[in-house]
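Reading through the structure tokens given below for one structure.
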Amino acid sequence: MPEGSCISISLEDVDADQFQIGDYYRISDLGKGKQQSDFEVSGIQSLKQVKSQQQRETIIVRDLINVILGKEGDYIRYKLEESEQSNQTKESLRAVKFSISKDIDFSFIDITNKICEHGSRVLTLVSFEQYFNKTSYGIVMGRLCEYFRNFMKEYQNSIFHYLEESGTEMSILSLFQMLSNRRMQSYGCSIVESVASFYDLIKDIIEEDNKRSKITNLTDMKFENLMTSLKEECSSSSVEDIVYDSRTSKCIKGGIILNLLERHIGISRGFRNSNMLFAQLFEFITTGYLDILNKWLNFGQLDDFFDEFFISEAFPKSDIYNSYFWQNKFAIKMDLLPEQLKSKQLQKKLLLTGKYLRIIKECECDHYFEQIPLSSIKTFRGSNFTILIDAAYNRANILLKRMLNHSYEMRIFVSLMTKYFLLTDGSLVDDFLNHANHELKRSYSSSATQDILRWYKISYGTKSDDLTYKLFSELLECEFEPHSILEDILQITRTRVTDVNDIMQASNMESLSNLLKANIYPNSIPSSPRRPEADNQRCNKLAISRFSIDIRIPFPLNHIISDSQKLEFQLLFRHSILINFLNKRFEKSWRELGYHTFWTWSFGDPRVRKWVKRARFIHNRMFEFIRIYLYYLNNDVIQVNWCKLDSVMENLDNEEESFDLCGFKFQMTEFLSSTICDSLLAQTDLASSLYGLFTLILVFHEYVMSLRKTILLMDENLLKVQKKRLKLSITFSQQEKENKLKTLIDVMDSYHQTFQRKMSDLCKHLEYHGKIDSPKMLTLQEKLVFGFNL
């Protein structure tokens, strides 16, 4: 370097948050400074006028020092593409290049271009930090920008130290060698290698962010996320309470950045220095993200102020007593899910851990958190990462079990649900039906519904001092549904469900939306025109077919028994109460046939005696069917299925036993679905056949109970005995007797034939569905076939 020439360097310490390389230009200012393409600026000597090659090299070195610091010189200037001269600064991040004077010596061109390429990357790195260091990009991006600021500070210091060491002994080649060989103490890579690695990462980040700025791309990405979540749900064979959020972030943040960095870590595995550099960067930028994760796993606290965490809170101000809102309160954001959490089991545990803790927090039982301490997660890449998540999940389950067991008597509450809804206490059922039988047998439109409700409260009103029993009794309400039990069963079983294969073949959001609408519309149509199975069925018109009970399940027990499960309890109650009602009705007609004077008379006509025996035979067969089915329902179905669930609930009292609330809820779902299926209510043909039999049985009962006057006309002596006692004015007619007897015989034959046919149809359906759905149906089918000689 010529005598008197020197490079002025400031070594003043600057805070990292305020750090700025010299007086480099901001992106928005690039292109507004020196932009003359011919490099002939007033006061600057042309390189051609400099005779000495050494002096020309000195001039270029001085400019190159500016270049590697992100500034332009006298002979090396900023150059922006014309298309990027607008205010769209993000689009111009990678467009900043350096233009070299055409008068530079040919021998300097190659190395100068390489150094200028490095300077362009440095400028992009600095410009990137300026543009993306905004709150809208979240904590992870903020940490990334902080890392780049720290890097640039050490980078500048490294350059300055080199300049001090070199003094005037500097050339273009030595400057290039310094950049290629000089290692940065905190990063373990050479200057060029570090900047190049960061530049590759920045390119991908900018490209991804640009992609998300376009609405069409966002729609496509949302469709991909939605299809991924649908595939996850379809592939799941159990109820896991996981909700997926298919929304797409409009900018790059959180897990998206982590996944891009993770991809670069994978690509650089064959390059030790770059791999270590990216690994170090990953640890640095995940600290804030891990803070959010640890608060979620420790306290159920979601401090995601910049909406970048992979869990979203859909209803932050929802009613905690509404089970639907609570079940959908938290969701997995597929778009922001880090690569380390792609496992469905990890997603389940992470989501439910915080959710369970939030339940405890909502119940103001935070003191439970102190009972079991939890180690924090320090890194995503640690060997104990999944172990710590498992520990957090187990801890949340144990704490929730303690709270539900000690503070909310969950086991007692579930037991009461079976007692009241599944009628496991036969004495209470009998008492209610005995008192309310008269109104329940009447048509709903003419029955005294208030009397029915009053008798239910009298029969089931608890006199216990136990607080849980009192609370349950107070929460329980009687009601009448707008439709009969059969109509509601058919409505549920005939609901159209979209075929999974059709969903998976959807090519875009529009085709998927049209497919779903095609099913939503038919399902939303009211239940008219009326179904032929529900028309003219006597039992569908009675008050008993609409009678139901409801309960407002308190929080947090409504998280254990959801609204859909409560609906299943109600369906089983309505079905069970109807069977018990039919049993009570047939007990009355059985006494009528067996003990009433009219039916026990010694008729002189053998045809009448034969007809009476036939009536009793048909009645016994129908009554036997009711008893077989009622026994099957109470013992083979409800009792057997309840024992399985009760054995799981016994673990609630054992502090040493592990507990999985998700598994318990799955057992509850299995209990209800199995009970409904085994009760013959899950299939349209089974339910229709079963209720067809119920209708026939009820009509036959009413027919038998209406025959007293007709029987009097079947025997003259019977009429004489009863005429005076009953003060009747009718007279005996042999011709009228013959006409009525023929009708009675034909009607009785018709009842018998219809009963046999309906029984055969039911057994065929039982055999078919028993082989597919439940072996218990085959057991019932065998009993019916054997008992009725089908």
Side-chain angles (χ1 to χ4, degrees), residues 238-243 293-302 311 313 315 318-332 345-377 387-417 468 471 553-563 565-566 645-671:
S238 62
V239 179
E240 293 182 341
D241 257 355
I242 299 181
V243 179
L293 178 60
N294 283 316
K295 287 182 180 179
W296 174 254
L297 294 178
N298 274 277
F299 312 107
Q301 185 175 336
L302 190 59
I311 294 176
E313 187 170 2
F315 304 103
S318 63
D319 181 8
I320 62 173
Y321 296 96
N322 187 316
S323 64
Y324 170 79
F325 286 113
W326 186 260
Q327 288 173 2
N328 294 274
K329 186 177 180 65
F330 300 105
I332 297 286
Q345 285 301 313
L346 278 183
Q347 295 171 28
K348 165 197 165 185
K349 291 177 180 178
L350 285 165
L351 180 69
L352 296 184
T353 297
K355 186 177 182 179
Y356 294 164
L357 297 178
R358 181 65 70 87
I359 291 173
I360 297 173
K361 193 178 182 71
E362 292 282 357
C363 296
E364 298 183 357
C365 295
D366 306 48
H367 57 277
Y368 280 101
F369 296 158
E370 302 173 1
Q371 295 182 4
I372 304 177
L374 182 67
S375 300
S376 298
I377 298 176
I387 296 175
L388 291 174
I389 293 177
D390 288 340
Y393 178 69
N394 294 333
R395 168 181 177 262
N397 274 281
I398 292 172
L399 295 180
L400 187 60
K401 180 185 80 168
R402 290 179 181 176
M403 186 191 75
L404 292 173
N405 193 36
H406 297 155
S407 303
Y408 291 91
E409 299 288 356
M410 181 176 72
R411 185 178 181 183
I412 297 177
F413 193 91
V414 176
S415 299
L416 289 174
M417 289 292 293
T468 307
L471 173 63
I553 301 176
F555 178 83
L557 295 175
N558 63 349
H559 188 67
I560 312 301
I561 304 174
S562 63
D563 287 343
Q565 291 173 330
K566 184 178 73 172
L645 180 63
D646 193 42
S647 64
V648 177
M649 294 181 64
E650 288 179 359
N651 292 334
L652 294 175
D653 297 327
N654 191 343
E655 287 289 337
E656 297 180 358
E657 285 287 338
S658 60
F659 177 75
D660 188 342
L661 181 62
C662 187
F664 176 77
K665 293 177 68 176
F666 176 70
Q667 292 291 334
M668 175 71 74
T669 303
E670 281 287 293
F671 163 68

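These figures come from a predicted structure and were not determined experimentally. Just so it is clear, the values below take in all heavy atoms, side chains as well, and ignore hydrogens, waters and symmetry mates.
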Can you tell me how far the [atom1] atom of [X] sits from the [atom2] atom of [Y], to the nearest 0.5 Å?
{"X": "Leu297", "Y": "Leu374", "atom1": "CG", "atom2": "CG", "answer": "7.0 Å"}
{"X": "Glu364", "Y": "Ser407", "atom1": "CD", "atom2": "OG", "answer": "12.0 Å"}
{"X": "Ser647", "Y": "Gln667", "atom1": "OG", "atom2": "CD", "answer": "7.5 Å"}
{"X": "Lys329", "Y": "Ile311", "atom1": "NZ", "atom2": "CD1", "answer": "13.0 Å"}
{"X": "Gln345", "Y": "Gln347", "atom1": "CD", "atom2": "CD", "answer": "9.5 Å"}

* **Gln371 atom CD: more than 12 heavy-atom contacts under 6.0 Å** => yes
Check whether any side-chain heavy atom of [X] lies under 4.5 Å from a side-chain heavy atom of [Y], and answer yes or no.
{"X": "Met649", "Y": "Met410", "value": "no"}
{"X": "Trp296", "Y": "Leu357", "value": "no"}
{"X": "Asn298", "Y": "Phe369", "value": "no"}
{"X": "Asp660", "Y": "Tyr393", "value": "yes"}
{"X": "Asn394", "Y": "Ser658", "value": "no"}
{"X": "Arg411", "Y": "Leu404", "value": "no"}
{"X": "Phe659", "Y": "Phe664", "value": "yes"}
{"X": "Leu471", "Y": "Glu409", "value": "no"}

* Asked: When you look at Cys363 and Tyr368, which way does the side chain to side chain contact (heavy atoms under 4.5 Å, CB included) test go after all the steps?
  -> CA-CA 11 Å; Cys363 296; Tyr368 280 101; over 6 Å; no
Any idea which heavy atoms bring [X] and [Y] closest together, and the distance?
{"X": "Tyr356", "Y": "Ala396", "answer": "CB-CB, 4.1 Å"}
{"X": "Arg358", "Y": "Leu302", "answer": "NH2-N, 3.7 Å"}
{"X": "Pro556", "Y": "Tyr408", "answer": "CD-CE2, 3.4 Å"}
{"X": "Leu351", "Y": "Phe330", "answer": "CD1-CB, 3.7 Å"}
{"X": "Asn397", "Y": "Leu661", "answer": "OD1-N, 2.7 Å"}
{"X": "Arg395", "Y": "Ile372", "answer": "NE-O, 2.6 Å"}

* Asked: Would you find a donor on one side and an acceptor on the other, under 3.5 Å apart, between the side chain of Lys665 and the backbone of His559?
  -> yes
* To do: Output, in order, the C-alpha distance, side-chain angles, deciding distance and verdict of side chain to side chain contact (heavy atoms under 4.5 Å, CB included) for Phe413 and Ile561.
  => CA-CA 10 Å; Phe413 193 91; Ile561 304 174; 4.3 Å; yes
* **side chain to side chain contact (heavy atoms under 4.5 Å, CB included) evaluation trace for Thr353 with Ile389** => CA-CA 9 Å; Thr353 297; Ile389 293 177; 5.7 Å; no
* side-chain hydrogen bond (donor to acceptor under 3.5 Å, both in side chains) partners of Gln301, counting only residues at least two apart -> Asp303
